[in-house]
Amino acid sequence: MAFFALSRHQPLVLLSSTDLTTEYDRLQVENRQLQRAVTSHAVIDQAIGALVVLGRMAPEDAWRTLRDVSQRTNVKLRTVAEHILEYAQGGTLPGPERLELERAITRYGRCAGDARALGDGSAVPGDDTGGGSGGPSQAMTATGA
């Protein structure tokens with residue numbers, strides 16, 4: 001039995017059942033990839049929101065910060081975003097990511113001089129508080145959130 005498929009490039013193409021099965025498999029793979037992409041974008045967007053609060057910066061600067069941390073630590077962007085979300089909920093950041101995040105917040109944060117430590121007592125450069133017990137709650141308190 002033959003079937004017809006519609007396409008933008010070839011308006012009407014005759015497909016065999018084998019061709020249909022191949023196309024069906026290809027579409028399933030593409031669908032899974034798109035679902036992963038949507039999920040990744042949601043995690044990244046949430047991490048950008050957390051950086052806006054934690055780093056007291058604009059969303060564009062939070063995006064640059066996230067991207068810089070990923071590139072400088074050679075960790076996938078989505079993984080860095082997941083770590084930042086865990087940190088914002090009271091977890092810890094891996095050492096290299098924490099260090100690069102401090103540097104990026106200093107580079108891009110509009111209020112970098114007022115930024116607080118990222119959880120281990122080490123102060124962000126320009127911080128006149130001398131460090132602190134830090135963590136997300138302290139950083140969020142510092143932003144007025």
Side-chain angles (χ1 to χ4, degrees), residues 3 5-11 13 15-145:
F3 297 94
L6 296 177
S7 166
R8 289 182 185 169
H9 305 293
Q10 298 174 335
V13 177
L15 297 176
S16 68
S17 58
T18 304
D19 292 338
L20 283 174
T21 302
T22 302
E23 180 66 7
Y24 177 77
D25 292 340
R26 186 193 68 75
L27 289 172
Q28 280 188 318
V29 168
E30 182 178 342
N31 188 24
R32 282 192 298 273
Q33 290 171 343
L34 289 171
Q35 287 173 344
R36 279 193 301 266
V38 168
T39 302
S40 290
H41 283 286
V43 168
I44 291 166
D45 287 344
Q46 290 171 15
I48 288 170
L51 287 175
V52 165
V53 173
L54 293 173
R56 299 177 63 173
M57 60 181 62
E60 301 83 29
D61 293 329
W63 162 249
R64 286 186 199 110
T65 297
L66 186 63
R67 186 190 62 213
D68 279 8
V69 171
S70 173
Q71 289 176 344
R72 292 171 187 259
T73 59
N74 198 27
V75 176
K76 289 186 179 186
L77 187 70
R78 178 193 167 109
T79 303
V80 171
E82 289 170 347
H83 292 164
I84 288 172
L85 289 177
E86 289 171 12
Y87 170 74
Q89 295 173 2
T92 59
L93 280 171
E97 289 177 37
R98 183 193 49 76
L99 182 62
E100 286 303 328
L101 182 59
E102 288 176 355
R103 290 176 179 164
I105 286 174
T106 300
R107 276 193 303 276
Y108 299 117
R110 293 206 173 125
C111 301
D114 294 335
R116 299 288 182 243
L118 291 175
D120 69 347
S122 64
V124 173
D127 182 6
D128 61 356
T129 65
S133 59
S137 59
Q138 182 180 1
M140 285 188 204
T141 302
T143 65

Kindly compute the distance separating [atom1] ([X]) from [atom2] ([Y]), expressed to the nearest 0.5 Å.
{"X": "Arg56", "Y": "Ile105", "atom1": "CZ", "atom2": "CD1", "answer": "11.5 Å"}
{"X": "Arg107", "Y": "Arg64", "atom1": "CZ", "atom2": "CZ", "answer": "11.5 Å"}
{"X": "Ile84", "Y": "Ile48", "atom1": "CD1", "atom2": "CD1", "answer": "9.5 Å"}
{"X": "Thr65", "Y": "Arg103", "atom1": "OG1", "atom2": "CZ", "answer": "14.0 Å"}
{"X": "Arg67", "Y": "Leu77", "atom1": "CZ", "atom2": "CG", "answer": "9.5 Å"}
{"X": "Leu85", "Y": "Gln46", "atom1": "CG", "atom2": "CD", "answer": "5.5 Å"}

Check your understanding: So, are Arg26 and Glu30 salt-bridged, with charged N and O less than 4.0 Å apart?
Key -> yes

Practice item. Using modelled atom types only, decide if a donor and an acceptor are shared between the side chain of Ser70 and the backbone of Leu66 within a distance under 3.5 Å. Key: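 Such a contact is absent between Ser70 side chain and Leu66 backbone.
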
Check your understanding: Any donor-acceptor pair under 3.5 Å linking the side chain of Thr79 with the backbone of Val75?
Key -> no

Is the shortest side-chain heavy-atom distance between [X] and [Y] below 4.5 Å?
{"X": "Leu101", "Y": "Leu51", "result": "yes"}
{"X": "Thr39", "Y": "Arg78", "result": "yes"}
{"X": "Val52", "Y": "Trp63", "result": "no"}

Point to revise | Nearest heavy atoms of Pro96 and Thr73, plus distance in Å | key: O-CG2, 3.6 Å

Practice item. Return the minimal non-hydrogen interatomic distance between Glu82 and Val43, and the atom names on each side. Key: CG-CG1, 3.8 Å

Exercise for review: Begin from the C-alpha positions of Asp68 and Glu100 and carry the test side-chain contact (heavy atoms from CB on, under 4.5 Å) through to its verdict.
Suggested key: CA-CA 8 Å; Asp68 279 8; Glu100 286 303 328; over 6 Å; no

Point to revise | Stepwise salt bridge (charged side-chain N to carboxylate O under 4.0 Å, His left out) test for Arg98 and Glu102 | key: CA-CA 6 Å; Arg98 183 193 49 76; Glu102 288 176 355; 2.9 Å; yes

Practice item. Report, as yes or no, whether the 6.0 Å neighbourhood of atom CG on Asn74 holds more than 12 heavy atoms from other residues, nucleotides or ligands. Key: no

